[in-house]
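Remember, it's 1-based here, ligands and their atoms both numbered in the order they're listed.
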Amino acid sequence: MPSSPTQRVGDTVSEGFSKAPHLSRMWSLEDVFDSEGLQKWLIKTYKLDKNITFYCEPKYDGASLNLIYEEGKLTQGITRGDGSVGELITQNVKTIRSIPLTIEHKERIEIRGEVVLYKDEFERINQERAVKGEAVFANPRNAAAGSLRQLDSSITASRNLVFLPYGVGENTLEHKLLSQRMEYIYSLGFKRPPLSTTCENFDEIEAVYEEMNKNRDSYAMMLDGMVIKVNEIAAQIDMGYTVKNPRFSVAYKFPAVEKITTLKEIVLQVGRTGAVTPVAIVEPTNIDGVIVERATLHNFDEIDRKDIRINDKVIILRSGDVIPKIIKVLEHERDGSEVKFERPTSCPVCGSELLDEGVLLKCQNLTCEARVINSIIYFASKPCLNIDGLGSKIVEALFESGLVKSVIDLFDLTLEKLLTLEGFKEKKAQNLLDSLEAAKGSEYWRFVNSLGIEHIGEVASKTLSARFGSSFVDASKEELVALEGFGEEMAESVLEFVRVNRETILKLQEILKPLEPLQREEAKENTFKGKSVVLTGSMSESRDVIKEMLEALGAKVVSSVSKKTDFVIYGEDAGSKYDKAVDLGVAVLSEQEMREKIEQA
Ligand code: IVH
């Protein structure tokens, strides 16, 4: 039966999830970050309607979910997806105990909310994973989203997810106020927020925000702000939506969290280019549900500039997904036990002498273990050959065992060799061999990018491939400098790399057989020809397809927005790139508008 407790166990293993449409669209929220932003939003909103009040509730940091109930029964659970269509995860959703399987509301209704992991549960899961040698989740949001999309629903069931409702989609409710509507939803058996209230004006909203921010540590779930919604439903309907957001609601984000801790050690990391970067190891500190043990120090100048010493009490800051950083040393807390950090002169991994370039220190030894391991990891990463199952742990194990000392060795791996490694059973070994095989015949630019030539990233690799294909190894300096976006330094870097590694490049090319790029005919005149374009948000097709389409028209698709950007093309749920474009006065086009222009072309 739909309400049977057995539904909570999770006894299905799916092959994959099918797509399902939401009955009405799931929107995102505009963000404000301070009282000035709030004031501006209020002025804008009051212009639409003077007679409004507000409903404030927490902004939960998790994964959004749409629940469809028909005749009082939960029939579908759908992830947000692109806002119109999501993934159907009903079996997993049924394992979440705070989601009623049946409700006393018989008309069709969509209940929307956020699926979260409470902070203590997040810690429990991560500890369990660490013991098993599995990768830990970076934050409760990723953990919640990952848990929700498990193919084996018994795993979802074991994660103790919690659903917190924040609104409805399609509905036949007749309440005049959102606060009444939310009361009704809670009365159906859904969880209440730790704090929600109605407010009349700016001062009242600010006071609730202050209280929520002050107490955020004491709440079981992670919050990243407070959501303010117009309380009168008729006014909400009148105000409507912009392309992305409801005009009647805004997210007032909390500031990043700062904590005081002790700097225990500074360790050095050597990247694939040989750059040595310092990393602070701090006394483990819980910042908003995540145990922080490391913080970036950026570079050696930063250590000098901030006069950071080992044993110092420091303030660290963590916001959202970014790596925590040390923002300040508490010099008045010093007791004499602090030790200045000496700039290293030799590589912490291979011991060879470091090249001191001022801000950067570099290990020059091409065979340095750290450089080799990180180059292999980079070679296999997403924007390069995108080899599944070749993460850092496996690369390290392959290197330590002596099986792989360079990227070329990867392609000499066999089942027998892999089975000698700890933790490798037949299936895992075969999967890795299959992924390596699949890397063959990739696009040529991926091959170029995977070589890790200094100063040559994804965009430059594409330019280089499109112009020369495999004869890039014979390009002259003049030809290289003439490429769009190339300068002297990049051209030199390519020449030097080819000079030192020609043999390896040719050998790898022989093994991988990357596809020679189609020599594109020059595109006819069109809106996008020669223009710099940024894509943001989710589109109706994969970004790669859209990128390819625009590149065929002669556009250059780049990743960040600047004054030089000609167009920002946005899909559903577009974020900061859209906002930046609007701020900078860069033209923005919806996916639909882009398609119309392409059609005209
Ligand atoms: S209302 C009508 N309320 O934040 C607008 N969203 O940044 C729909 N979220 O996708 C959202 N807590 O997943 C709303 N109290 C809350 C929320 C909330 C968390 C999430 C939601 C949404 C995202 C937008």
Side-chain angles (χ1 to χ4, degrees), residues 22-33 37 41 45 54-67 77-87 89 93 98 110-117 139-142 144-145 148 161-171 178-179 181-183 185-186 190-199 205 208-209 212-213 216 219-233 235-254 320-321 536-538 571-576 578-579:
H22 301 296
L23 303 179
S24 71
R25 180 167 159 189
M26 290 184 84
W27 298 85
S28 358
L29 290 171
E30 179 187 338
D31 289 332
V32 295
F33 298 92
W41 179 78
T45 312
F54 304 93
Y55 181 76
C56 300
E57 65 183 359
K59 182 163 195 304
Y60 310 109
D61 202 7
S64 42
L65 179 67
N66 186 26
L67 302 172
I78 312 172
T79 63
R80 182 182 185 286
D82 66 4
S84 304
V85 176
E87 280 179 317
I89 53 165
V93 161
S98 43
E110 284 178 300
I111 307 269
R112 267 102 193 247
E114 201 83 346
V115 173
V116 302
L117 264 178
N139 53 48
R141 174 170 11 110
N142 290 2
L148 209 47
L161 294 162
V162 176
F163 177 78
L164 298 154
Y166 56 66
V168 294
E170 187 185 284
N171 71 89
L178 175 63
S179 48
R181 184 187 266 180
M182 293 311 293
E183 270 310 315
I185 293 175
Y186 307 138
F190 292 94
K191 265 196 180 307
R192 279 174 187 280
L195 175 65
S196 65
T197 184
T198 52
C199 292
I205 298 174
V208 183
Y209 174 81
M212 217 181 267
N213 185 31
R216 65 197 268 203
Y219 300 138
M221 71 291 281
M222 237 173 105
L223 309 188
D224 64 346
M226 179 173 94
V227 182
I228 305 156
K229 297 171 182 171
V230 169
N231 199 24
E232 291 72 19
I233 288 168
Q236 287 193 358
I237 295 169
D238 277 352
M239 290 178 181
Y241 300 82
T242 69
V243 282
K244 290 195 306 175
N245 308 316
R247 292 200 181 87
F248 52 83
S249 183
V250 74
Y252 191 176
K253 299 298 272 282
F254 286 152
D321 277 345
T536 178
S538 29
E572 301 272 340
D573 206 11
S576 57
Y578 175 91
D579 299 334

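Close contacts between ligand 1 and S64 involve ligand atoms 10 (O), 13 (O) [criterion: under 4.0 Å to a heavy atom]. Close approach of ligand 1 to W27 is summarised as follows: ligand atoms under 4.0 Å from at least one heavy atom of the residue are 8 (C), 10 (O). In summary, the atoms of ligand 1 found under 4.0 Å from a heavy atom of E57, numbered by their order in the structure, are 3 (N), 15 (N), 16 (C). Listed by number with element, the atoms of ligand 1 under 4.0 Å from a non-hydrogen atom of P246 are 2 (C), 5 (C). Each of the following atoms of ligand 1 lies closer than 4.0 Å to a heavy atom of E114: 9 (N), 13 (O), 19 (C), 20 (C), 21 (C).
When only non-hydrogen protein atoms are considered, atom 23 (C) of ligand 1 lies nearest to K59 NZ, 4.0 Å. From the protein, the heavy atom lying nearest to atom 5 (C) of ligand 1 is L29 CD2, 3.6 Å. Nearest protein heavy-atom neighbour of atom 11 (C) of ligand 1: Y166 CE1, 3.7 Å.
Residue contacts with ligand 1, taken as heavy atom pairs separated by less than 4.0 Å, do not involve R112 at all. Using a 4.0 Å cut-off between heavy atoms, Y60 contacts ligand 1 through both its backbone and its side chain. Contacts between P58 and ligand 1 below 4.0 angstrom, taking non-hydrogen atoms only, involve the backbone exclusively.
Among the atoms of V227, none of the N or O lies under 3.5 angstrom from an N or O of ligand 1.
Between Y209 and F254, the ring centre distance stays below 6.0 Å.
Of the residues listed (L148, T79, I89), the one engaging V115 in a side chain to side chain contact (heavy atoms under 4.5 Å, CB included) is L148, and it is the only one.
A donor-acceptor contact shorter than 3.5 Å links the side chain of S249 to the backbone of I228. One N or O on the side chain of E110 and one on the backbone of L23 form a donor-acceptor pair closer than 3.5 Å.
Checked by atom type, the side-chain pair N231/T198 shows no donor-acceptor distance below 3.5 Å. No side-chain donor-acceptor contact under 3.5 Å links E30 and N245.
Ligand 1 lies less than 4.0 angstrom from a heavy atom belonging to K229.
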